[in-house]
Amino acid sequence: MVALNSEVNLSEAASLRVRNVRKEFTSLDGGITPGALALDDVSLSVAAGELVSIVGPSGCGKSTLLRMIAGLTSPTAGEVAIGAEPITAPSADRGLVFQDPNLFPWLTVRRNIEAGLVARGVLREKRGEVDEFMRLVGLESFANSFPHHLSGGMAQRVSLARALINHPRVLLLDEPLGALDAFTRMRMQDEVLRLWRAHGTTMLFVTHDIDEAIYMSDRIVIMTPRPGRIERIIPVSNPRPRDRSSPEFLQLRGEILEIMHFAGRSLSEN
Ligand code: ADP
Ligand code: MG
């Protein structure tokens, strides 16, 4: 009974809730300018272990939403919570991976992966995991290489390992594969899916690439142009691994393109 309860609590703790969130950026003169509304009434729940993508045009507030969940910026109104706890500050519980892997150029792959453990003062007890995570992302033979010797895909693997080694309950990925060539990108999509499956991490994945969203996600959140609102949430139920040229895949792609084309129009035309 106790075990069951703690399981329930654990899975609730990795769920994410965004409720009626609004974000206005203050202008330089300190006032709120009319054009400064970035997000308007955004509500979204992500279940523990779910992989949800967010797609939407540039400037619609995708990064702002992720930064809010990371605890790097706060909503003007509404609330963001992980499990039952409101998010008020950054935490190792919520990992963030960007398009630019942002590695420390003067540190080796191993030291880059260890950096977060060093910062949290837990390297001594967690050192054994560093090798495990390097293996997990296929970088064990590059442990002593420096970032400038790595390809874009490899650097992004280091960045993923560096986030995952903290065992985040939620991983926030902001166009993480956006800088990679098409083939590396497809390989990395499989890599992220493999890590997601192995760790059961709740993932929120921002992408510009509709095929990527369909290939990877349990659900796809489509946002309107700025100010970002949620236009539609589309569940993707095709079994994985998904065939990018199957009729179901292509049909879904057509539907999403159409929704994106018209997203926000009915609102702005009123
Ligand atoms: P996306 O990631 O979808 O491209 P962003 O979240 O980066 O969009 O930005 C959403 C909107 O908010 C944009 O219009 C952007 O210019 C504005 N914005 C983002 N960050 C700030 C900031 N720190 N100060 C003022 N405006 C900002
Ligand atoms: Mg962005």
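Indexing begins at 1, ligand by ligand and atom by atom, following the structure's order.
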Looking at E132 and R135, is there a salt bridge between them, counting it only when a charged N and a carboxylate O are closer than 4.0 Å?
no
Which protein N, O or S atoms lie under 2.8 Å from the Mg ion (ligand 2), given by chain and residue number?
S63 OG
Check whether S217 reaches the backbone of I220 with its side chain - one donor and one acceptor, N or O, closer than 3.5 Å.
no
Measure up the H167 and H199 rings against each other and bin them: parallel (under 30°), tilted (30 to 60°), perpendicular (over 60°).
tilted
What I want to find out is whether D40 reaches K23 closely enough, with some N-O distance under 4.0 Å, to be called a salt bridge.
no
Look only at interatomic distance and state if S58 has a nitrogen or oxygen under 3.5 Å from any nitrogen or oxygen of ligand 1.
no
Would you please classify the geometry between the H148 ring and the F146 ring as parallel, tilted or perpendicular, with 30° and 60° separating the classes?
parallel
Heavy-atom closest pair (I69 atom, R94 atom, distance to 0.1 Å) is O-NH1, 2.9 Å
Ignoring angles and geometry beyond distance, decide whether A38 reaches within less than 3.5 Å of ligand 1 through its nitrogen or oxygen atoms.
no
Expected list for residues 152-165: side-chain donor-acceptor pairs under 3.5 angstrom, two or more places apart:
unit_1, atom_1, unit_2, atom_2, d
Q156, OE1, S159, OG, 3.0
Q156, NE2, F98, O, 3.0
Q156, NE2, Q99, O, 3.0
Q156, NE2, P176, O, 2.7
R157, NH1, V137, O, 3.2
R157, NH1, E191, OE1, 3.3
R162, NH1, N102, O, 3.2
R162, NH2, P101, O, 2.9

Does any N/O atom on G59 come nearer than 3.5 Å to any N/O atom on ligand 1?
yes
Atom CZ of R242: over 12 foreign heavy atoms under 6.0 Å:
yes
Does G56 have a non-hydrogen atom less than 4.0 Å from ligand 1?
no
